[in-house]
Amino acid sequence: MQKFSLLAASALFLIAPAMALPPPLPEVAGKDAATLQAEMSEGRINSDVATAAYLERIRRVDDAGPTLNAVIATFPDATVEAHRLDRERAAGAIRGPLHGIPILLKDNIEAKGPVPTTAGSLALKDNVTGRDAPLVARMREAGAVILGKTNLSEWANIRSNDSTSGWSAVGGLTRNPHALDRNACGSSSGSGAAVAAGLAPVAIGTETDGSITCPAGVNGIVGFKPTVGLVSRTHIVPISHSQDTAGPMALTVRDAAAVLTAIAGSDPADPATAEGDARKTDYVAALADRALSGKRIGVLRDRIGGRADIATLFDAALRDMEAAGATIVEIADSKSGLEELGDAEFEILMTELKADMAAYLASLPNPEGPKTLADLIAFNKAHPEELRWFDQSLFELAESKGSLDSAAYREAKAKAARLAGPDGIDRLLAAHRVDLLVGVTNGPAWTTDLVNGDHYTGPSASQLPAVAGYPHLTVPMGAIEGLPVGVSFIGGKWKDAEVLAAGFAYEQVSRKRVAPTYRAAITP
């Protein structure tokens, strides 16, 4: 059959009626989920169009353009799901504030579909399980569109002390959108960078110690680590059943509260969540502009480091809290008596990593895949691309540990629980008669160095709430040379609603979130 000549094709174009071009996709960068929901309710946008806009932005910003490498993969049925939810909306069936909202998942969280859950490792590159983690099932029930998976520090940064945060063999290196030569922190690196860059309005991260709050802080967004036991960990690649939890990463505290409302609750397969249903509430309804009024706030002054520029931002944040009605109580010494906490935590993480990883791997449907931590160590030795930038010394140390019945583990677990909880956060709250603790989440992002690894210098407020399993929220409090710094709000066990409300009240008077500039580097 003869093909059209170029001339004939041109003639045909001239006489054919003009074809209508599809309308341009809306700009979604910087829009929080509540704004998108309002626009959907008003009929100015729908989920189908919003989802397409985020997918196009991932293509332009993440895969091309600045090349952030924040998103590992997108789900091919995302627009189909969005269209189905639009039909529900048209029929008057709106599930709530997440109806039609695209959400990204850290790639250690399972979701049904053809996209594997890799934890960033080539050992799990074919790990398509056909399972939704319970928190994902809850988000679907709330009407969220599962958009894709975010990159992470491989194995949630537990393979080596010499690692580079934000790098994985599957996803490459995640870059900080505020300055591309700077680190996005970890291990929820992609979730933090993606939300900051407007690749989705919200994302889910996971934390063992700092892995939500640090990347949220350095990328200039909100991050919330809930009380351990409020959100299920089933079908999430683990480190430690004592400390692991998933949580929201978002542009605003309101959005984080909406996501937590959807994902909180008990899971029979996760004994830690036995109280989840009884403890959960509507976290959005608990927010209030005056939530800081009358509150006594304990300041972790000895944990902010020695930098004058960080102290200046922090003191300004404290003044904003005072303006919102809080009483500021300085705590000069929050560390005495807790000197053994770090060693106890490390013993727990190493021992639980070996046991919990084996339990997770044994649950996977692929009979040919790795089943133990020893299998992962052997895989890495056989695949030099995994070990090019840093070793697996922590994996090897964990493999040498005894069982969960070992005396060393049981002693460490009891000690850590006591030091971080009753002798740590609980004691500080009671001794100073304060409702919450505040500190500095992070310093400015450091330059990424794959050869030498991270050179994070702090400060950090993550350890006490991480080991105790208590809630920890970070909210933007400004920037140093354009690099964001967060302020941390920490409360007692199950005080998630109070912590979110306090952070929300601060957010309303401060408004310190800054948009990323995608600079190549910080220059004089």
Side-chain angles (χ1 to χ4, degrees), residues 30-38 96-98 101 142 192 195-196 201-205 212-213 216-217 219-227 230-231 247-264 279-299 313-314 316-328 434-441 461 465 470-478 484-492 494-514:
K31 286 188 178 180
D32 58 76
T35 298
L36 288 171
Q37 192 60 242
L98 296 185
I101 300 298
V195 172
V202 289
I204 303 295
I212 288 174
T213 52
N219 286 286
I221 63 169
V222 170
F224 184 63
K225 183 202 81 72
T227 296
L230 189 59
V231 177
M249 302 175 72
L251 292 175
T252 67
V253 176
R254 180 179 295 276
D255 282 358
V259 173
L260 185 63
T261 301
I263 64 177
R279 296 289 185 172
K280 71 178 183 179
T281 188
D282 184 337
Y283 296 98
V284 176
L287 302 179
D289 290 352
R290 296 296 296 168
L292 281 172
S293 181
K295 297 294 185 183
R296 288 173 58 84
I297 305 297
V299 178
L313 287 182
F314 188 48
L318 296 177
R319 289 194 294 272
D320 285 337
M321 293 178 208
E322 284 186 302
T327 298
I328 301 302
V434 294
D435 301 288
L436 298 165
L437 303 173
V438 297
V440 176
T441 309
Y470 292 3
H472 179 187
L473 171 71
T474 183
V475 180
M477 71 169 181
V485 177
V487 59
S488 288
F489 295 81
I490 298 164
W494 304 119
K495 298 296 184 180
D496 302 74
E498 291 87 339
V499 171
L500 285 164
F504 175 79
Y506 165 74
E507 180 187 52
Q508 301 315 296
V509 297
S510 63
R511 304 288 184 177
K512 294 297 186 181
R513 177 166 58 86
V514 296

Quick one: does Leu313's side chain get under 4.5 Å of Lys512's, heavy atoms only? no
Apply side chain to side chain contact (heavy atoms under 4.5 Å, CB included) to the pair Phe489 and Leu437, showing each step before the final yes or no. CA-CA 6 Å; Phe489 295 81; Leu437 303 173; over 6 Å; no
For the side chain of Lys495 and the backbone of Ile490, is there at least one donor-acceptor N/O pair under 3.5 Å apart? no
Is the backbone of Val475 close enough, under 3.5 Å, to the side chain of Glu507 for a donor and an acceptor to pair up by distance? no
Measure the NZ-CD1 distance between Lys280 and Ile263 for me, rounded to the nearest 0.5 Å. 11.0 Å
Check Pro248 against Ala256 and note the closest heavy-atom contact, atom names and distance. CG-O, 3.4 Å
How far apart are the closest heavy atoms of Leu260 and Pro226, and which atoms are they? CD1-CG, 3.9 Å
How far does CD1 of Ile328 sit from CZ of Arg296, to the nearest 0.5 angstrom? 10.0 Å
Determine, step by step, whether Phe224 and Val499 satisfy the side chain to side chain contact (heavy atoms under 4.5 Å, CB included) criterion, reporting the C-alpha distance in whole Å, the side-chain angles of both residues, the deciding distance to 0.1 Å, and the verdict. CA-CA 9 Å; Phe224 184 63; Val499 171; 4.0 Å; yes
Do the non-hydrogen side-chain atoms of Val485 and Phe314 ever get within less than 4.5 Å of each other? no
Taking the side chain as every heavy atom from C-beta outward, state whether Val514 and Pro476 have any atom pair closer than 4.5 Å. no
Measure from the side-chain N and O atoms of Asp496 to the backbone N and O of Pro471, and report whether any donor-acceptor pair falls under 3.5 Å. no
Are Leu318 and Val487 close enough that some pair of their side-chain heavy atoms sits under 4.5 Å apart? no
Can you list the residues that meet the side-chain contact (heavy atoms from CB on, under 4.5 Å) rule with Thr213, with sequence neighbours excluded? Glu207, Thr441, Ser462, His472, Thr474
For Ile101 and Val202, the nearest pair of non-hydrogen atoms, with its separation, is CG2-CG2, 4.4 Å
Quick check: closest heavy atoms across Asp289 and Ala505, and the distance to 0.1 Å? O-CB, 3.4 Å
Kindly check if the number of other-residue, nucleotide or ligand heavy atoms within 6.0 Å of NZ (Lys295) is above 12? no
Would you check if Leu292 and Ile297 make a side-chain contact, meaning some heavy-atom pair closer than 4.5 Å? yes
Minimum side-chain heavy-atom gap Val259-Ile204 below 4.5 Å: yes
Closest non-hydrogen atom pair between Ala250 and Ile221, with its separation: O-CB, 3.3 Å
Can you tell me how far apart CZ (Phe504) and CG (Leu473) are? Round to the nearest 0.5 Å. 12.0 Å
Side-chain donor or acceptor of Gln37 paired with backbone N/O of Pro97 under 3.5 Å: yes
Please round to the nearest 0.5 Å and tell me the distance separating atom CD of Gln508 and atom CZ of Arg290. 12.5 Å
How many angstroms lie between OG1 in Thr252 and CZ in Arg511, if you round to the nearest 0.5 Å? 9.0 Å
May I ask you to decide if Leu230's main-chain N or O and Arg279's side chain share a donor-acceptor pair within less than 3.5 Å? no
Answer whether the closest heavy-atom distance between the side chains of Val438 and Met321 falls below 4.5 Å. yes
Nearest non-hydrogen partners of Ala501 and Ala291, listed with the distance: O-CB, 3.4 Å
Treating Asp255 as the side-chain partner and Ala34 as the backbone partner, does any N or O pair qualify as donor plus acceptor under 3.5 Å? yes
